Q: 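Let me begin by handing over the structure; questions about it come next.
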Amino acid sequence: MAKAAGVSPTTVSHALNGKGVVATETVARIEQVASDIGYRPSAIARGLQNSRLNLLALVIRPFHSLDTFLPEGVDYFLRLAGAASMTAMEHGYSLMIVDDPTRPGVPLSALAADAYIVTEPFEHDPVLTMLQQERIPFVTVGADPARRGQFITLDEGIEHQAGLMFRHLEAVGARRIALVTGTDRNDWNLSAHHLMEEWSDARGHAPLVLALPEAAGETVGDEVLDHFFSGDPAQHPDAIFCLTGRHAAGVATAAIKRGIRVPEDLLVAGGSGAMQNRTSSPTVTTLDLHPEAVARTAVEAAVLLAEGRSVTLPASSVLATLNIRESTTRE
């Protein structure tokens, strides 16, 4: 790094640390070289860690594709972050929410935590790679699909979640269930897709699966119906399960506008619920993933890691439960 910038290691340290007297143009040149070569001030991060700040960091990876930190109607992340903050305080720690500690120009504080919680990591997630390389302790909520078993991971119980909803829909009359996932390459989307394939294969028909961007929210309704209700009517689904609650709300609204009765003609359900599912007409059945309990377990694991103690996580997180509403309630 110093050689690439044409300065001494001390000058690099002072420039990136904001210490000493370094000319403004020299600081700018060092920062540009650091950005060009992907340099990270790991020595600074390790120095901060060695002094134990009693600070945890929460990295919510789905924010990367949602384009907002406050998706309308979605309270899952607020519940998760709030419970994580309170649990951290109970253990004598503070908690900061970090957008993406790998992005260029990230503040040094983003690498200053004693341990990290990373929710819904992507396939080959660069955040996990960076934390591993820097030897910064972390726990994930949900696995990196490409590196299962390599990190300390809190299993979200996706098999239970999907199975719970499939069984409920089948119990109220569904025979051909369609699944709408998000497009993020995370364990939630990929495992649900795989489980849908297994469920359909066991019943002798091709899986009906469509992946749409999480950020599209309720606007996906018509696209979902156009996709699943074109072609042979015998192949049309009689139930649609959307992993995100906003997608489910959009599907229910679009169906009713087309004269498709919900739930009489089409059952509609959502995974992680949203406010729209509780207030729409009809209201929409969703899973409650109990993010408060997930957050408590993850924080307690992160505290142990921060203090250099061993961690034994439960085989799975708190199991999801059903909030059965009008969209899957038939006479």
Side-chain angles (χ1 to χ4, degrees), residues 34-42 45-46 49 56-69 71 76-77 80 84 96-107 110-113 115-159 161-162 179-198 207 209-216 243-244 271-272 289 291 294 297-298 301-302 305 311 313 315-317:
S35 176
D36 291 344
I37 68 176
Y39 174 82
R40 298 191 181 282
S42 56
R46 283 196 293 268
Q49 285 186 317
L56 303 179
L58 173 63
V59 184
I60 301 176
R61 295 300 276 146
F63 283 161
H64 178 79
S65 56
L66 284 176
D67 300 323
T68 175
F69 298 122
Y76 176 86
F77 300 120
L80 181 79
M96 65 176 175
I97 301 177
V98 178
D99 175 18
D100 182 351
T102 67
R103 66 178 172 80
V106 65
L111 295 173
Y116 286 69
I117 300 165
V118 183
T119 72
E120 301 298 340
F122 305 141
E123 204 170 39
H124 297 291
D125 200 307
V127 171
L128 305 190
T129 300
M130 183 272 291
L131 293 173
Q132 183 183 46
Q133 290 175 345
E134 299 295 338
R135 301 191 179 189
I136 301 173
F138 65 91
V139 58
T140 70
V141 177
D144 177 330
R147 294 180 283 185
R148 297 182 188 280
Q150 293 189 27
F151 310 119
I152 297 174
T153 298
L154 180 60
D155 181 0
E156 295 179 286
I158 298 170
E159 184 170 353
Q161 295 171 14
L179 174 70
V180 179
T181 73
T183 52
D184 285 349
R185 300 283 298 178
N186 58 36
D187 196 33
W188 200 43
N189 287 324
L190 297 180
S191 290
H193 188 152
H194 175 69
L195 292 165
M196 183 77 257
E197 290 178 336
E198 288 187 340
V209 183
L210 176 64
L212 294 172
E214 287 86 343
L243 289 188
T244 69
S272 178
L289 305 181
V294 172
T297 302
L305 291 172
V311 174
L313 286 174
S316 63
S317 178

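Owing to the predicted nature of the structure, the values given are computational and were not obtained by experimental measurement. For this chain, numbers begin at 1 and follow the sequence in order.
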Q: Give the minimum heavy-atom separation between Asp155 and Ile158, together with the two atoms involved.
A: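 So the minimum-distance heavy-atom pair works out to OD1-N, 4.4 Å.
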
Q: Which residues satisfy the salt bridge (Lys or Arg N to Asp or Glu O under 4.0 Å) test with Glu123, sequence neighbours excluded?
A: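 Once residues adjacent in sequence are excluded, the partners of Glu123 under the salt bridge (Lys or Arg N to Asp or Glu O under 4.0 Å) criterion are Arg185.
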
Q: What residues form a side-chain contact (heavy atoms from CB on, under 4.5 Å) with His124, not counting sequence neighbours?
A: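 Partners of His124 by the side-chain contact (heavy atoms from CB on, under 4.5 Å) criterion, ordered by chain and then number, come out as Ala146.
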
Q: For residues Thr244 and Ser272, is any side-chain donor paired with an opposing acceptor at under 3.5 Å?
A: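 Ser272 and Thr244 do not have a side-chain donor-acceptor pair below 3.5 Å.
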
Q: Looking only at atom types and distance, does a side-chain atom of Asp184 sit under 3.5 Å from a main-chain N or O of Asn186, one as donor and one as acceptor?
A: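 No: the side chain of Asp184 does not pair with the backbone of Asn186.
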
Q: Considering non-hydrogen atoms only, spot the tightest contact between Ala115 and Ala302 and give its length.
A: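 Looking at all heavy atoms of both residues, the closest pair is CB-O, 3.4 Å.
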
Q: For Thr153 and Thr140, which heavy atoms make the closest approach, and how far apart are they?
A: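 So the two residues come closest at OG1-OG1, 2.8 Å.
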
Q: Tell me, with the steps shown, if Leu58 and Leu56 meet side-chain contact (heavy atoms from CB on, under 4.5 Å).
A: CA-CA 7 Å; Leu58 173 63; Leu56 303 179; over 6 Å; no

Q: Sequence neighbours excluded, which residues qualify as side chain to side chain donor-acceptor pair (under 3.5 Å) partners of Glu120?
A: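 None.
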
Q: Are Val139 and Val311 side-chain neighbours, meaning at least one heavy-atom pair lies under 4.5 Å?
A: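 No - every pair of side-chain heavy atoms lies 4.5 Å or more apart.
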
Q: Can you list the residues that meet the side-chain contact (heavy atoms from CB on, under 4.5 Å) rule with Thr181, with sequence neighbours excluded?
A: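 So Thr181 forms a side-chain contact (heavy atoms from CB on, under 4.5 Å) with Leu179, Asn189, Val209, Ala211, Leu243.
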
Q: Which residues pass the side chain to side chain donor-acceptor pair (under 3.5 Å) test with Asp144, not counting sequence neighbours?
A: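 Asp144 satisfies side chain to side chain donor-acceptor pair (under 3.5 Å) with Arg147 only.
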
Q: Does Glu156 reach the main-chain N or O of Asp187 with its side chain, forming a donor-acceptor pair under 3.5 Å?
A: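 Side chain of Glu156 to backbone of Asp187, a donor-acceptor pair under 3.5 Å: no, none is there.
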
Q: List in chain and number order the residues that pass side-chain contact (heavy atoms from CB on, under 4.5 Å) with Ala57, two or more places apart in sequence or in another chain; answer none if no residue qualifies.
A: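 Partners of Ala57 by the side-chain contact (heavy atoms from CB on, under 4.5 Å) criterion, ordered by chain and then number, come out as Met96, Val98, Ala113, Tyr116.
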
Q: Who pairs with Glu198 by side-chain contact (heavy atoms from CB on, under 4.5 Å), at least two apart in sequence or on another chain?
A: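 With neighbours one apart ignored, the set is His194, Leu195.
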
Q: Over all heavy atoms of both residues, which pair between Val294 and Leu289 is shortest? Give the atoms and the distance, please.
A: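 Closest heavy-atom pair between Val294 and Leu289: CG2-O, 3.9 Å.
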
Q: Counting C-beta onward and ignoring hydrogens, is there a side-chain heavy-atom pair between Val141 and Ile117 closer than 4.5 Å?
A: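 Yes. Closest side-chain heavy atoms under 4.5 Å.
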
Q: Which residues pass the side chain to side chain donor-acceptor pair (under 3.5 Å) test with Gln132, sequence neighbours left out?
A: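 Applying side chain to side chain donor-acceptor pair (under 3.5 Å) to Gln132 gives none.
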
Q: Under the rule for ring pair (Phe, Tyr, Trp, His ring centres under 6.0 Å), what residues qualify as partners of Phe151, not counting sequence neighbours?
A: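 In terms of ring pair (Phe, Tyr, Trp, His ring centres under 6.0 Å), with neighbours along the sequence ignored, Phe151 is linked to Phe138.
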
Q: With the side chain counted from C-beta on, respond yes when Val59 and Asp100 share a heavy-atom pair under 4.5 Å apart, and no when they do not.
A: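 Not in contact.
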
Q: Excluding sequence neighbours, so at least two apart, what forms side chain to side chain donor-acceptor pair (under 3.5 Å) with Asp125?
A: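 Per chain and number, Asp125 pairs via side chain to side chain donor-acceptor pair (under 3.5 Å) with Arg61.
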
Q: Determine the minimum heavy-atom distance between Tyr76 and Pro291, stating which atoms define it.
A: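 That closest heavy-atom pairing would be CE1-CB, 3.5 Å.
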
Q: Can you see which heavy atom on Pro101 is nearest to which on Val106, and at what distance?
A: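 Distance-wise, the nearest heavy atoms are O-CG1, 3.6 Å.
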
Q: Which is it for Leu111 and Met130 under the side-chain contact (heavy atoms from CB on, under 4.5 Å) test, yes or no, and what are the steps along the way?
A: CA-CA 10 Å; Leu111 295 173; Met130 183 272 291; 3.5 Å; yes

